[in-house]
Amino acid sequence: MPLIDPTLIPARVLSRKHVDELNALYDRLEARKVEKIVVPEKPSGFRPSNLARVYCQSHLRRCLVLARSAYGLFFIENGLVSLMTIRAIYETVAVFCAFERQFLQLVKAGTVQEIHDFAQNKAYATCSKKMIEKHGAQVTATNIQTDVAKLKPIRRKVEEEYDFLSEHTHAAGFGTILYFAEKLKTEDAYVFHDGGPEPEADLQWILVGIKLLEGFEKALDRVEAALPDLSARGHAEKQ
């Protein structure tokens, strides 16, 4: 059963052809899941390649869960939560693409030890002050807006889109009132609705967020393509 039911998507929102493309994208990503990764490779015990695979698999699952949730929640009138979830897709793709860029640079020009340290630190990256104090500044997560800004090659207006999603999903008064309350033109009063002022616009955002996973897929392809040679290098250096 496809993620997106074409019969529920008006043609004015997205064509059947593009709905089919999004379903195919989701199915390709779903097919890449694995159940288990043993980190030390045999016989050398080399770890960086499979640490990178753990990172990839975890972010893959996060993308799939977010896409599935955003779509499903919309149809039970939880459009606001769908938008929160789409915002999380922007963040997840941004973080993964930042990892991909740095990882491939190190694979090309770094030492095996540098690659190992990077993969391990990214696997445990955190915003928790307690964890940073315990494990060191190298596990500090990058500011998410910095990573989002670097998605411009994928989506030209990504910063504006992310700002819009942030404003409309934040608990601040403006975004909250904007979503749930409508100011009447005839009197100084508001009427309220649970589904948001423009449900069709919310649906468009969900589809845009799922399409952003194309960028994740391409970054995942590049990381995984580099891992066999990295493993071979690790085995050779161990010997």
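The figures here come from the full heavy-atom set of this structure, side chains too, leaving out hydrogens, waters and symmetry mates.
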For [Y], does its backbone N or O pair with a side-chain atom of [X] as donor and acceptor, under 3.5 Å?
X      : Y      : value
His59  : Tyr55  : yes
Asn23  : Leu3   : yes
Ser231 : Ser49  : no
His116 : Val112 : no
Asn78  : Phe74  : no
Ser15  : Ala11  : no

For [X] and [Y], which heavy atoms make the closest approach, and how far apart are they?
X      : Y      : result
Ala219 : Cys97  : CB-SG, 4.0 Å
Ala67  : Leu213 : CB-CD1, 4.0 Å
Leu25  : Ile210 : CD2-O, 3.5 Å
Gly110 : Arg233 : O-NH2, 2.7 Å
Glu159 : Ala149 : OE2-CB, 3.5 Å
Ala70  : Ile86  : CB-CD1, 3.6 Å

Within-4.5 Å side-chain heavy-atom neighbours: [X] and [Y]:
X      : Y      : answer
Val13  : Pro10  : yes
Arg62  : Leu66  : yes
Lys122 : Phe103 : no
Lys150 : Val158 : no
Lys211 : Leu207 : no
Pro48  : Phe46  : yes
Val81  : Ser69  : no

Between [X] and [Y], does any side-chain donor sit less than 3.5 Å from a side-chain acceptor?
X      : Y      : answer
Tyr179 : Asp194 : no
Arg61  : Gln57  : yes
Tyr162 : Glu91  : yes
Glu161 : Tyr90  : yes

Count I, L, V, M, F, W, Y as connected when their side-chain heavy atoms are under 4.5 Å apart, and connections chain through other members. Are [X] and [Y] then in the same cluster?
X     : Y      : answer
Leu64 : Val95  : yes
Tyr26 : Ile154 : yes
Leu51 : Val38  : no
Val65 : Leu29  : no
Leu80 : Ile177 : no

[atom1]/[X] to [atom2]/[Y] distance, rounded to the nearest 0.5 angstrom?
X      : Y      : atom1 : atom2 : answer
Ile4   : Leu22  : CD1   : CG    : 4.5 Å
Leu184 : Tyr190 : CG    : OH    : 9.5 Å
His168 : Leu178 : NE2   : CG    : 4.0 Å
Leu230 : His235 : CG    : NE2   : 9.5 Å
Thr92  : Arg87  : OG1   : CZ    : 11.0 Å
Ile37  : Arg53  : CD1   : CZ    : 7.5 Å

Open item on the list: Ring centres under 6.0 Å, that's the criterion: do Phe96 and Phe216 meet it?
Closed with: yes

TODO: Report yes if the distance between the aromatic ring centroids of Phe99 and Phe118 is under 6.0 Å, otherwise no.
DONE: yes

Looking at [X], I want to see if its [atom1] is surrounded by more than 12 non-hydrogen atoms of other residues, nucleotides or ligands under 6.0 Å.
X      : atom1 : answer
Leu8   : CG    : yes
His193 : NE2   : yes
Glu198 : CD    : no
Lys108 : NZ    : no

Open item on the list: Under 4.0 Å between a side-chain nitrogen and a carboxylate oxygen: does that hold for Asp20 and Arg16?
Closed with: yes

TODO: Let me see the working for Glu160 and Lys157 under side chain to side chain contact (heavy atoms under 4.5 Å, CB included), right down to the final yes or no.
DONE: CA-CA 5 Å; Glu160 294 92 327; Lys157 295 185 177 181; 3.8 Å; yes

Open item on the list: Between Lys218 and Glu214, does the salt bridge (charged side-chain N to carboxylate O under 4.0 Å, His left out) criterion hold? Intermediate values first, please.
Closed with: CA-CA 6 Å; Lys218 291 176 182 176; Glu214 289 178 345; 5.5 Å; no

TODO: Give the intermediate values and the outcome of side chain to side chain contact (heavy atoms under 4.5 Å, CB included) for residues Val208 and Leu212.
DONE: CA-CA 6 Å; Val208 166; Leu212 189 61; 5.9 Å; no

Pairs of donor and acceptor atoms involving the side chains of residues 220-227, under 3.5 Å and at least two apart or interchain, shall be tabulated with distances.
from: Asp221; atom 1: OD1; to: Arg32; atom 2: NH1; distance (Å): 2.6
from: Asp221; atom 1: OD1; to: Arg32; atom 2: NH2; distance (Å): 3.0
from: Arg222; atom 1: NE; to: Glu100; atom 2: OE2; distance (Å): 2.7
from: Arg222; atom 1: NH2; to: Glu100; atom 2: OE1; distance (Å): 3.4
from: Glu224; atom 1: OE1; to: Arg32; atom 2: NH2; distance (Å): 2.8

